[in-house]
There are 2 protein chains.
Amino acid sequence: MKPKSTAEERLIDPAPEAGPFRLEAFLPYRLSVTAKRISRAFARAYAERFGLTIPEWRVMAVLGTSGPLTAAAIVERTAMDKVKVSRAVAALEAKALVLRRPRPEDRRSALLELGPAGRRVFEEIVPLARALEAELTAVLGPGDRALLAALLGRLDAHLAGRGDPALDAGDPG
Amino acid sequence: MKPKSTAEERLIDPAPEAGPFRLEAFLPYRLSVTAKRISRAFARAYAERFGLTIPEWRVMAVLGTSGPLTAAAIVERTAMDKVKVSRAVAALEAKALVLRRPRPEDRRSALLELGPAGRRVFEEIVPLARALEAELTAVLGPGDRALLAALLGRLDAHLAGRGDPALDAGDPG
DNA sequence: GGGATATTGTTTCGTATGAAACCAAAGTCA
DNA sequence: TGACTTTGGTTTCATACGAAACAATATCCC
């Protein structure tokens, strides 16, 4: 750690030594740990009560609040890659939660939508997901929760802008 | 979505319907997406330039700023489960970056520390990691970065408190 | 029309993950 | 001392992941 740096030095050295490296203060690490913890809690809840994985839940989540979508549209809205979406949809079809409606005008893709059973499960999950979210983020008041969302939003926009390849997302949900 | 709720209803219903469910506004989802994006960027950088995975980097990170540690101590400090740590350490040993020093007084575990090569890699990675962190979080000023860290800190403490089982952490680093 | 190219999803294949089983070395205690 | 139990790490095994290859259309453009 250098003694205090002058304004000039700061211009030259944009990332001044901030003392010894501490993993627990490293933002990417912190973000990962927190996200994973929350992810787990949700994964467990969805699995236990509905037999769903997080990718499956994400697909249902978007289909629950939109008209029928193609797989590609789901990819866009869930930040998952197409392999994951493909598998999640296949699983949901097998459970009769999602229906596939072929499109004569383009037989490569089909429109996907919640079936009656899927709709019921969706209606049941949403309040649960909201409650769990509220419970897990209880330490933050509504204000800080919004603040966190805003910060993540800015960060995300930045990251999405930086032409990074695959845009998939881990697990939570 | 209910018509506006009265104060009384709010007391009764702690999680008032906030309109239709929107995945992209769901905090667990947002956290996961952002964490994963950052994770990827780091994973790629570490792999390309140092041939390291994130779990490996984490192990080196703690060993780089502490005396020799047992695997169990590393588990504590990296929020990774013992299987992951075991494998990361094995890989680092194979690369001669980490050395294992047996302990006669307890031959079940050994003390682990960076070897000379590991030390050199560590010294090289740290500035890079800091620079990448700075770049990725550039949209947030230092103030907001600290704010985000603080919010994650509170959230984490809360989550860690809630006796959730496994405490492993995803990937970033 | 009809070959070249692009788009949409699915499948393959190698790697990462983690729960549970396992092994070896301590520790307990009768 | 000699069962049991506990602790520290490793290995196994079944699953999740995603990059790359693939198959089936669709679209271009001559």
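Chain letters run A, B, ... following the sequence lines, proteins first and then strands; every chain starts at 1.
For the atom pair CZ of B:Arg58 and CG of B:Leu63, the computed distance is 14.0 Å after rounding to the nearest 0.5 Å.
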### Footprint string (nucleotides 4-11 of chain C, 5' to 3'): B base within contact, S backbone only, - free, heavy atoms under 4.0 Å
---BSBBB
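Looking at heavy atoms from C-beta onward, A:Leu114 lies out of side-chain contact with A:Leu97 at the 4.5 angstrom threshold.
Between A:Arg107 atom CZ and D:dA23 atom P the separation is 18 Å, expressed in whole Å. Nucleotide C:dA19 holds its P atom 10 Å from the CZ atom of A:Arg44, rounded to whole Å. At whole-Å resolution of the value, CG in B:Leu111 and C1' in D:dG9 are 14 Å apart. The distance between atom CD1 of A:Ile54 and atom C1' of D:dA16, rounded to the nearest whole Å, is 12 Å. Rounded to a whole Å, the CE atom of A:Met80 is 9 Å from the P atom of D:dC17. For the pair B:Glu105 CD and C:dG27 P, the computed distance is 10 Å after rounding to whole Å.
One finds no salt bridge joining B:Arg120 and B:Glu124 here, because no Lys/Arg side-chain nitrogen approaches an Asp/Glu carboxylate oxygen to under 4.0 Å.
Partners of B:Arg100 under the side-chain contact (heavy atoms from CB on, under 4.5 Å) rule, at least two apart in sequence or in another chain, are B:Val89, B:Glu93, B:Ala110, B:Leu112. Applying the side-chain contact (heavy atoms from CB on, under 4.5 Å) criterion to A:Ser66, with sequence neighbours excluded, gives A:Leu69, A:Arg77.
Between A:Phe26 and B:Phe42, the ring planes lie perpendicular to each other; the angle is over 60°, past the 30° to 60° tilted range.
Note on B:Lys84: every side-chain N or O is 4.0 Å or more away from OP1 and OP2 of D:dT10.
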